[in-house]
Amino acid sequence: MNLESLYRQVIMEHYKYPKNKGLVNDDSYQTVHLNNPSCGDDINVQIKIVDGKIIDIKHDGHGCSICCSSASVMSQTLMGKTVEEAEKIINNFLTMLKGEEFDEEIEMMDARVYQGVAQFPARIKCASLSWKAIEKGINESK
Ligand code: FES
């Protein structure tokens, strides 16, 4: 199996069996709603931060396979991280999506599978939507 089909398989697994999907009705979570203006798809992300650490992330919404799988990957990658660690990972991920040089040393787990998205500018917004939402959630909870 080549790397590209492995990556595609990881994306489809997260799309079919998303992690941390479904919102909670709890005021201790910061909720952010964002949409992708180019297609109308939208997503809600919730984040709970206690003592500078992300203790829970939830997401829900509709979007393409890249967008929904990326929300699942984002929740899995950032769960349990400190705000500082999460900010570094988010920045690194968004840099990678733009096709720019990113820090290979930063542990991004399954998020690495979106590296190829940089070649498809129209899909960058799909892959980055939930990550932009969580970034906003972190900033709003400061
Ligand atoms: Fe709408 Fe990907 S096509 S988020």
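Just follow the structure's listing: the first ligand is 1, and inside any ligand the first atom is 1.
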How would you list, by chain and number, every residue that makes a salt bridge (charged side-chain N to carboxylate O under 4.0 Å, His left out) with Lys21, sequence neighbours excluded? Asp60
List in chain and number order the residues that pass salt bridge (charged side-chain N to carboxylate O under 4.0 Å, His left out) with Glu13, two or more places apart in sequence or in another chain; answer none if no residue qualifies. none
Sort and list the pairs that fulfil ring-ring contact (aromatic ring centres under 6.0 Å, His included) and have at least one residue in residues 112-141, not counting sequence neighbours. Phe93-Trp131
Would you say the side chain of Ile49 lies within less than 4.5 Å of the side chain of Asp56, judging by non-hydrogen atoms? no
Close side-chain approach of Leu94 and Lys132, heavy atoms under 4.5 Å: yes
Does a side chain donor of either Ser69 or His14 reach within less than 3.5 Å of an acceptor in the other side chain? no
Are there any protein N/O/S atoms under 2.8 Å from atom 2 (Fe) of ligand 1, and if so, which? Cys64 SG, Cys126 SG
